[in-house]
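Just below is one structure, and these are the notes that go with it.
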Amino acid sequence: MLALVIISALMAYGFTFLNGMNDAANCIATVITTKALSPRKAVAWAACWQFAAAFIFPLTVAGTMGKGIVNADLVTPSVIFCALLGAIIWIYLCTRFGLPISASHALIGGLVGPIWFGFGASNIMASGLVPILLFIILAPLMGAIMGFLFYCIILFVFRKKKRLSVEGGFKKAQLITSAAFSLGFGGNDGQKTVGVVALLFSSFLAANPDHWISSFFKAGSVAGAASPGGLFVPYWLLYSSYAIIVLGTVIGGRKVIKTLGEGLTKVTPPQGFCSELSGAITLIVTALFGIPVSTTHTITGSIIGTGLTRGTGNVRWVTAKSIVGAWVLTIPATIAVSGLVYLAFTAVFGA
């Protein structure tokens with residue numbers, strides 16, 4: 001059983017890395033496309049603010065992931081293993097084909113699948129899952145509305161200014177909004193795997209309270225942090241998870257950057273500023289309330305909102321439809337994959 005815990009923990013870090021490759025690219029897509037920063041500088045800038053979120057945000061999202069979606073009493077290392085495997089399979093496929101899907105929803109679907117297939121739908125916590133499902137719609141909608149309104153205001157205020165002088169100023173302003181979006185990403189996506197790994201160790205130790213790994217998990221318990229959901233999160237887990245997701249941002253995500261930065265609509269510096277600002281507001285607010293939302297959904301909605309100020313013809317709806325299709329499929333697909341994996345796993349190895 002300990003081997004399964006260790007394997008699952010390593011898979012969780014692998015998931016976090018893939019999350020960094022896929023979702024964290026959203027933090028730098030617009031700032032690169034508008035040439036506000038070079039790709040190398042943009043990655044370094046985003047990475048710093050993503051990691052800074054570990055010191056700023058309360059562990060509300062980690063608490064939701066660990067205690068608020070499924071009946072935590074039924075969670076075992078095998079459940080976490082199958083949840084992560086289902087999520088990783090889906091994220092890898094979408095990343096390979098350049099689809100900016102939500103790693104958050106893949107992980108949520110992965111958690112739901114084994115519990116649903118193994119113990120029944122009654123063990124899924126509607127109070128936690130329903131807000132997440134609602135924000136599949138609300139997060140991009142909020143981003144689109146704010147992006148549209150912010151850009152309309154800018155177009156009105158600077159209507160008599162020369163385009164090049166305005167764009168130069170907004171390239172500098174994008175440093176602030178890009179930092180804010182990266183901070184919101186860290187406060188939301190950075191905590192999701194933290195909650196799952198904390199739940200993994202907690203479930204194992206609940207069945208094996210005297211195991212030697214208990215002292216390792218709670219090492220530095222004075223410095224440990226309890227999430228609002230009552231989930232113990234040691235600082236070593238928090239900081240290592242953030243380091244891995246930042247590493248994913250640094251290494252990958254080029255296909256997704258191209259899709260978001262060029263595939264939806266032509267992005268100018270003022271548009272990039274408005275997209276990042278509206279996305280940052282959405283992410284920060286939801287992180288504070290412990291609602292795990294998709295950074296991909298949020299920034300995509302924001303980019304579309306700014307593009308709509310020039311008319312519906314300025315949005316590449318074919319690209320948008322393919323992205324939305326991946327959104328709709330993510331939770332059902334990962335529920336099915338992780339649920340079937342769990343049934344096969346328990347048939348061979350037992351619960």
Side-chain angles (χ1 to χ4, degrees), residues 13 15-57 61 91 95 98 100-104 139 143 147 170-194 238-264 267 269 271-287 292-303 306:
Y13 280 118
F15 173 88
T16 304
F17 179 78
L18 287 175
N19 189 2
M21 288 186 67
N22 193 298
D23 281 16
N26 305 331
C27 300
I28 55 179
T30 54
V31 78
I32 290 174
T33 302
T34 62
K35 295 180 172 60
L37 287 173
S38 67
R40 182 174 297 181
K41 290 180 179 179
V43 167
W45 183 249
C48 289
W49 289 102
Q50 288 169 18
F51 195 79
F55 303 91
I56 295 173
F57 286 88
V61 172
I91 292 173
T95 302
I101 57 97
S102 170
S104 313
F170 276 102
K171 281 185 179 181
K172 296 178 181 178
Q174 273 193 275
L175 293 176
I176 299 173
T177 54
S178 176
F181 189 88
S182 298
L183 194 65
F185 170 86
N188 210 294
D189 275 37
Q191 291 189 21
K192 289 161 187 170
T193 306
V194 172
L238 181 65
Y239 296 146
S240 62
S241 295
Y242 271 85
I244 293 294
I245 203 169
V246 167
L247 182 63
T249 302
V250 171
I251 290 177
R254 293 181 181 177
K255 287 186 178 181
V256 180
I257 290 171
K258 184 176 181 181
T259 301
L260 284 175
E262 300 174 5
L264 287 173
V267 180
Q271 279 182 280
F273 172 86
C274 294
S275 299
E276 291 159 357
L277 178 60
S278 57
I281 292 172
T282 303
L283 290 179
I284 290 171
V285 170
T286 52
V293 300
S294 167
T295 54
T296 308
H297 294 195
T298 303
I299 194 63
T300 303
S302 300
I303 293 172
T306 60

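Taking both residues in full, the closest heavy atoms of Ala287 and Gly187 are given as CB-O, 3.7 Å, listed atom of the first, atom of the second, then distance. Closest of all the heavy-atom pairs between Leu183 and Phe57 is O-CE1, 3.4 Å. Considering every non-hydrogen atom in both Phe181 and Gly279, the closest pair reads CD1-C, 3.6 Å. In this structure, Phe51 and Tyr239 approach most closely via the heavy-atom pair CE1-O, 3.6 Å. Contact record, Gln50 with Thr249: OE1-OG1, 3.0 Å, taken as the closest heavy-atom pair. Across Thr177 and Glu276, no two heavy atoms sit closer than the pair OG1-OE1, 2.6 Å.
Every residue meeting the side-chain hydrogen bond (donor to acceptor under 3.5 Å, both in side chains) condition with Thr16, not counting sequence neighbours, appears here in chain and number order: Thr193. When the side-chain contact (heavy atoms from CB on, under 4.5 Å) test is applied to Ile281, the partners found at least two apart in sequence or on another chain are Met146, Phe150, Leu277, Val285.
With a 4.5 Å cut-off on side-chain heavy atoms, Ser240 and Tyr13 count as touching.
Ser178 places no side-chain N or O within 3.5 Å of a backbone atom of Leu175 that could act as its donor or acceptor partner. For Gln191 (side chain) and Val61 (main-chain N/O), a donor-acceptor pair under 3.5 Å exists by modelled atom type. For the pair Tyr242 (side chain) and Gly186 (backbone), a donor-acceptor distance under 3.5 Å is present. Looking only at distances, no side-chain donor or acceptor of Asn188 sits under 3.5 Å from a matching main-chain atom of Thr286.
In this structure, the separation between CD on Gln174 and OG on Ser275 is 8.5 Å, given to the nearest 0.5 Å. Taking CG of Leu283 as the reference point, atom CG of Asp189 lies at 7.5 Å (rounded to 0.5 Å). Summarising the geometry, atom CZ belonging to Phe17 is positioned 14.5 Å from atom OG belonging to Ser241; distances are rounded to the nearest 0.5 Å. In this structure, CD1 on Ile245 lies 8.5 Å from CZ on Phe15, to the nearest 0.5 angstrom.
Environment of CD1 in Ile56: crowded, with over 12 heavy atoms of neighbouring residues, nucleotides or ligands closer than 6.0 Å.
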